[in-house]
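Just below is one structure, and these are the notes that go with it.
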Amino acid sequence: MIMKGQKISDRYQIIKAIGEGGMANVYLAYDTILDRDVAVKVLRGDLANDEKFVRRFQREALSASSLTHPNIVEVYDVGEDHGQYYIVMEYVEGRHLKDLIKKRGKLTLSEVIDIMLQITDGMSVAHDSYIIHRDIKPQNIMILENGLVKIMDFGIAMAMNSTQLTQTNSVMGSVHYLPPEQANGKGSTLQSDIYSMGIVMYELLTGKLPYKGDNAVEIALKHLKKPLPSIREELPNIPQSVENIIIKATAKNPKNRYTDAREMHNDLLTCLDESRENEPKIKLPYKEFSEENKAKQPKKEPEEEKGTSKKESKQKETKKESSDEVLAKQITKNDLKKQNKLLIVLASIFTCLIVAITTVVILIPALTTNKEIHVPDVTGYTVEDALKTLQDAGFTVASEQQSVASTTVETGKVARTSPLAGTKRTKGTEVTLWVSSGDPSITLENYVGRNYLEVQGALEALGVHVIIEKRTVDGDSTENLIVDQSPKEGEKVAEGDYVTLYIPDVDVYPDFTNGSYTYDDVVDYLKKYNVTVNKAEQEDSTHTPGIVIAQSREKGKRIVSGASITVTVAVAPESSDEGPATEDTCEESGLC
């Protein structure tokens, strides 16, 4: 297990674990040389000794490292450190498309076209290099806050001209996005990625998957044999040109699909053009469904030769039977004895083989290997109680616990274990405790009337995304004060969720006292609002005469048509003419 603070190749310092995959674990790390955060994918320890997995892992790195595109997660480095094989990649802060679909359901048409244009643009670079992703699905596509899409995890990608994977290993993609040819056990082509992208586009538009089932086999069979549901029956307002793209991309016969991602990208570029408004529904040129699975008709027995009578047929059968009888009589008793002896010898050899195989396969492993036992369920236990329970069951417990947010388990108690409770492991296996850090959700307060900048900063510090929108409101209101919010007070949001704060869309009084406004400037500024400007004067030696030094309506207050405002203008203090000094003035001044 890789610990926090550990360095890989004396360069990449591990910060925390951020994901677990079928082949590798992913960590957030700090590149001490280039001073940046990176994602490090490390081959799982139980697979590092398997040459087949190591080769596949290295092939992933070599394939992905040749791809450079804004919509593809960049690979920086590949290496091995003390038996740990790793890939260093660009660290992307965003959310999976699957998370976005779960939160929002279906997306708008313009959003979907924008996302698909980015996906196909990135995949065009891969297809130009004859690299197949093989696992296109929303879980492998990130979207950043600025809308940029990043394709991740070319985990089972490979160059078409490199060594092919076995048939078994070629079918590794998620079954919900599995092309029919892969479901049928055939190899993948560039058109396999096209099919998966078509299913992703369908899901983005409808918010649901086209095929569902109780198990993977059932879903795979539907991909193989069942036509894709019509998206226009689900969403009648979708243009036919858009449905045509999905029909072509998800064709069962690869010959009917786009040749590569670039061709699909070019079609997406024009699908919303006015020139394609009345586009007819596409007709696929090649047959979609294969007849290989149709039941074969039983072969007919050959007809009797013409001119052969029933009598002649009976004579032939009789002749055949008589020859069989003659052959049977030729087998002597000695021949039968020899056959019996041979059968006895063969039976003895077969019995010995069965005993030997049973001993090797069943008895020896049972005597030489540790018995597998179930990992106890310690969810909700204190760390001390969980430690004792696991040790009593024969397991060892990792010295360092992991932290995980939980809405169901009390803070400080065990939320889960790795390996998971109920799985079988041999005695002595190390178990890691994942301790609850508590409910990660945030209960929203009533933010109405508060300055939006203050609220925005507080929420973003908790990892919540804040959207500011302006709204027309009735009555007097201050520019920066919140007038509404969504979600409302008392509702809960989690890190990564979105909160919208509404502020008034109004014209407000500026600061007329900033030293640049005269009375005439104020009159000119408020003329379009039909506001009456009253003038007051005040002696002030610190300001330039004629400059506004005070205003009756505060800056930031909404300007209402027909209102009035008084501005105070600075005037120079009055001064008296100096004459000859008198006795009184001498005495007052003290100069006499």
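This is a predicted model, so every value here is computed, not measured. Both backbone and side-chain heavy atoms feed into the values below; hydrogens, waters and symmetry mates do not.
- Salt-bridge check for E279 with R276: passed, with a basic side-chain N closer than 4.0 Å to an acidic carboxylate O.
- Considering CG of L107 and CD1 of I143, their distance stands at 8.0 Å, rounded to 0.5 Å.
- Between Y502 atom OH and I468 atom CD1 the span is 10.5 Å, to the nearest 0.5 Å.
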Practice problem: Before giving the answer on side-chain contact (heavy atoms from CB on, under 4.5 Å), spell out for K248 and N256 the whole-Å C-alpha distance, their side-chain angles and the decisive distance to 0.1 Å. | Solution: CA-CA 6 Å; K248 188 169 182 178; N256 288 324; over 6 Å; no
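- When side chains are defined from C-beta on, I199 counts as touching P210, because their heavy atoms get closer than 4.5 Å.
- In this structure the side chain of Y27 never reaches within 4.5 angstrom of the side chain of I8, judged on heavy atoms.
- Taking all atoms of both residues into account, the shortest heavy-atom contact from L190 to I131 is CD2-O, 4.2 Å.
- For the 3.5 Å distance criterion, the side chains of Q402 and T432 fail to qualify, holding no donor opposite an acceptor.
- At least one donor-acceptor pair closer than 3.5 Å links the side chain of H127 to the backbone N or O of A261.
- With E203 as reference, K98 is the one residue of K137, K98, K208 to meet the salt bridge (charged side-chain N to carboxylate O under 4.0 Å, His left out) rule.
- Expressed to the nearest 0.5 Å, how far CG of L459 lies from OH of Y452 amounts to 14.0 Å.
- The pair K106-E234 does not count as a salt bridge, with every side-chain nitrogen at least 4.0 angstrom from each carboxylate oxygen.
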Practice problem: Determine, stepwise, if the pair I2 / N25 fulfils side-chain contact (heavy atoms from CB on, under 4.5 Å). | Solution: CA-CA 9 Å; I2 296 179; N25 297 325; over 6 Å; no
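- Between the K252 side chain and the K226 main chain, a donor and an acceptor come within less than 3.5 Å of each other.
- Counting heavy atoms of neighbouring residues, nucleotides and ligands inside a 6.0 Å radius, atom OH of Y498 exceeds 12 of them.
- Summarising the geometry of R232 relative to P239, their closest heavy-atom pair is NE-C, 4.3 Å, with the distance given to 0.1 Å.
- For the residue pair D385 and T382, a side-chain donor N or O sits within less than 3.5 Å of a side-chain acceptor on the partner.
- Contact record, P504 with V483: CD-CG1, 3.8 Å, taken as the closest heavy-atom pair.
- For I247 against K281, the heavy-atom pair with the smallest separation is CD1-CE, 3.6 Å.
- Of the inter-residue distances, the one linking D37 atom CG with L28 atom CG reads 5.0 Å to the nearest 0.5 angstrom.
- The stretch residues 231-255 participates, sequence neighbours left out, in no ring-ring contact (aromatic ring centres under 6.0 Å, His included) pair at all.
- Remark: side-chain polar atoms of Q6 are not paired, donor with acceptor, to backbone N or O of Q13 under 3.5 angstrom.
- Put simply, the side chain of E218 never gets that close to the backbone of G213: no donor and acceptor are under 3.5 Å apart.
- Other residues, nucleotides and ligands place more than 12 heavy atoms under 6.0 Å from the CG atom of N215.
- Residues T429 and R425 approach most closely at OG1-CB, 3.6 Å, considering heavy atoms.
- When atom types are taken as modelled, the side chain of D193 and the backbone of R134 share a donor-acceptor pair closer than 3.5 angstrom.
- A pairwise comparison of heavy atoms in V409 and A415 identifies CG2-CA, 4.0 Å as the closest pair.
- Considering only heavy atoms from C-beta on, N140 stays 4.5 Å or farther from I136 through its side chain.
- Residue-environment remark: NZ (K7) exceeds the threshold of 12 foreign heavy atoms within 6.0 Å.
- S196 places a side-chain N or O within donor-acceptor distance of the main-chain N or O of Y177, the cut-off being under 3.5 Å.
- With rounding to the nearest 0.5 angstrom, the CG atom of D121 is 6.0 Å from the CG atom of N71.
- In summary, the side chains of D77 and Y12 do present a donor paired with an acceptor at a separation below 3.5 Å, with no hydrogens or angles considered.
- For the pair M152/M89, no side-chain contact is recorded, criterion being any heavy-atom separation below 4.5 Å from C-beta on.
- Within the 3.5 Å criterion, the main-chain N or O of V149 finds a donor-acceptor partner in the side chain of Q118.
- Interatomic distance, CD of E93 versus CG of L144, reported as 8.5 Å (0.5 Å rounding).
- Checked by atom type and distance alone, the side chain of E288 pairs as donor or acceptor with a backbone atom of N253 at under 3.5 Å.
- Put simply, the side chain of L204 reaches to within 4.5 Å of the side chain of I101, judged on heavy atoms.
- Using a 4.5 Å cut-off on side-chain heavy atoms (C-beta onward), D267 and T120 make no contact.
- Between the side chain of N266 and the backbone N or O of R262 there is at least one donor-acceptor pair closer than 3.5 Å.
- With Q182 contributing its side chain and P179 its backbone, the two residues share no donor-acceptor pair below 3.5 Å.
- E90 has a carboxylate O that lies under 4.0 Å from a charged side-chain N of K150, or vice versa, which qualifies the two as a salt bridge.
- Counting only residues at least two apart or on different chains, the ring-ring contact (aromatic ring centres under 6.0 Å, His included) pairs with a member in residues 218-268 are Y195-H223, Y211-H223.
- Inter-residue side-chain proximity for L109 and I113 is flagged as met; some heavy-atom pair is nearer than 4.5 Å.
- At a cut-off of 3.5 Å, with distance as the only test, a side-chain donor of T379 or D377 sits close to an acceptor on the other residue.
- Between I18 and K16, the closest side-chain pair of non-hydrogen atoms falls below 4.5 Å.
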